[in-house]
Amino acid sequence: PLSTNSMNDYPFPRNPSANDYCVFPSELENDPCVLFHATPSENFAEICSEGFKIPVVLAPTGLASVSFAKRSVGALSHAMMRRKSSPGEYVVFAVRYKSLDYHHISNNISDIHDYKLDPAPQIIGFCRIPLSYEHR
């Protein structure tokens, strides 16, 4: 089990547009092994304690992978799109992979899809998206 004490809690930026809507420091945003995943806050505790899970395992109609954006703006945009139909608070996780060179990882231009989570990425931090934030 992971502890939120071992993760950094990054504050949501006051002016996200100033950093192209990236919500983490540039040293994370520019690290090719650091990726970002957005999810409703209700999933926060379970992800912290049990890690990410491939949805197809949970529901037969689910996806067969977990996706991670290469820049946090991609995760933020995804969360704000989902918030239209599933209102509430969202959180963006920053994770670090030791390598993206695995057969079970589909490495795309702006994101990856991990079909096994083995080895699982290390969660290094998170940023809560305020309910009051309106993505433009």
Side-chain angles (χ1 to χ4, degrees):
L2 300 169
S3 162
T4 55
N5 293 337
S6 64
M7 290 185 260
N8 289 317
D9 181 351
Y10 293 91
F12 192 80
R14 289 177 194 243
N15 181 10
S17 65
N19 293 316
D20 296 325
Y21 297 93
C22 290
V23 299
F24 290 93
S26 59
E27 62 267 14
L28 296 181
E29 296 283 351
N30 296 325
D31 184 330
C33 288
V34 173
L35 302 166
F36 308 94
H37 180 86
T39 189
S41 288
E42 63 199 41
N43 298 330
F44 180 81
E46 185 175 358
I47 289 172
C48 289
S49 65
E50 299 177 27
F52 293 96
K53 293 181 180 173
I54 296 171
V56 74
V57 175
L58 306 175
T61 58
L63 300 173
S65 67
V66 175
S67 63
F68 296 91
K70 292 185 176 179
R71 308 261 307 162
S72 67
V73 61
L76 175 63
S77 297
H78 173 74
M80 295 303 89
M81 189 88 87
R82 282 193 61 196
R83 191 159 79 176
K84 290 176 183 176
S85 59
S86 297
E89 186 182 77
Y90 282 74
V91 63
V92 177
F93 284 98
V95 303
R96 178 172 282 119
Y97 276 84
K98 289 182 180 171
S99 170
L100 298 178
D101 193 23
Y102 292 99
H103 292 293
H104 62 272
I105 292 179
S106 175
N107 195 341
N108 307 308
I109 291 172
S110 62
D111 65 8
I112 68 151
H113 291 265
D114 189 333
Y115 291 87
K116 286 194 179 173
L117 297 169
D118 184 25
Q122 174 194 9
I123 299 173
I124 56 176
F126 60 93
C127 177
R128 294 186 185 277
I129 304 166
L131 273 173
S132 61
Y133 175 68
E134 292 184 29
H135 196 55
R136 301 186 190 277

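From a predicted model like this one, the values you see are computed outputs, not experimental measurements.
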**Report entry** Test item: Lys98 side-chain N/O and Gln122 main-chain N/O as donor-acceptor pair under 3.5 Å
**Finding:** no

**Report entry** Student check: side-chain heavy atoms of Phe36 and Cys22 closer than 4.5 Å
**Finding:** no

Report task. State, yes or no, whether a side-chain contact exists between Asn107 and Lys70 at a heavy-atom distance under 4.5 Å. Result -> yes

Report task. Calculate, to the nearest 0.5 Å, the distance between atoms CZ and CG belonging to Arg71 and Asp111 respectively. Result -> 14.0 Å

Query - Backbone N/O of Leu117 and side chain of Asp114: donor-acceptor pair under 3.5 Å - result: yes

Query raised in the report: How many angstroms lie between CZ in Phe126 and CG in Asp9, if you round to the nearest 0.5 Å?
Result: 3.5 Å

Query - Test applied, side chain to side chain contact (heavy atoms under 4.5 Å, CB included); reference residue, Arg82; option that passes from Pro87, Ser77, Pro40 - result: Pro40

Report task. Can you see which heavy atom on Ala75 is nearest to which on Ala69, and at what distance? Result -> N-CB, 3.6 Å

**Report entry** Set of ring-ring contact (aromatic ring centres under 6.0 Å, His included) partners for Phe52, sequence neighbours left out
**Finding:** His37, Phe68, Phe93

Query raised in the report: OG of Ser72 to CG of Asp20: how many Å apart, nearest 0.5 Å?
Result: 10.0 Å

Query raised in the report: Can any side-chain N or O of Asn108 pair as donor or acceptor with the backbone N or O of Ser110 at less than 3.5 Å?
Result: no

Query - Cation-pi check, Arg83 onto Tyr133 ring (under 6.0 Å, within 45° of axis) - result: no

Query - Set of residues satisfying ring-ring contact (aromatic ring centres under 6.0 Å, His included) with respect to Tyr21, sequence neighbours excluded - result: His135

Report summary line: Which of Ser106, Ser65, Ser67 passes side-chain hydrogen bond (donor to acceptor under 3.5 Å, both in side chains) with His113? Answer is Ser65

Query raised in the report: Side chains of Leu35 and Leu100: closer than 4.5 Å at any heavy-atom pair?
Result: yes

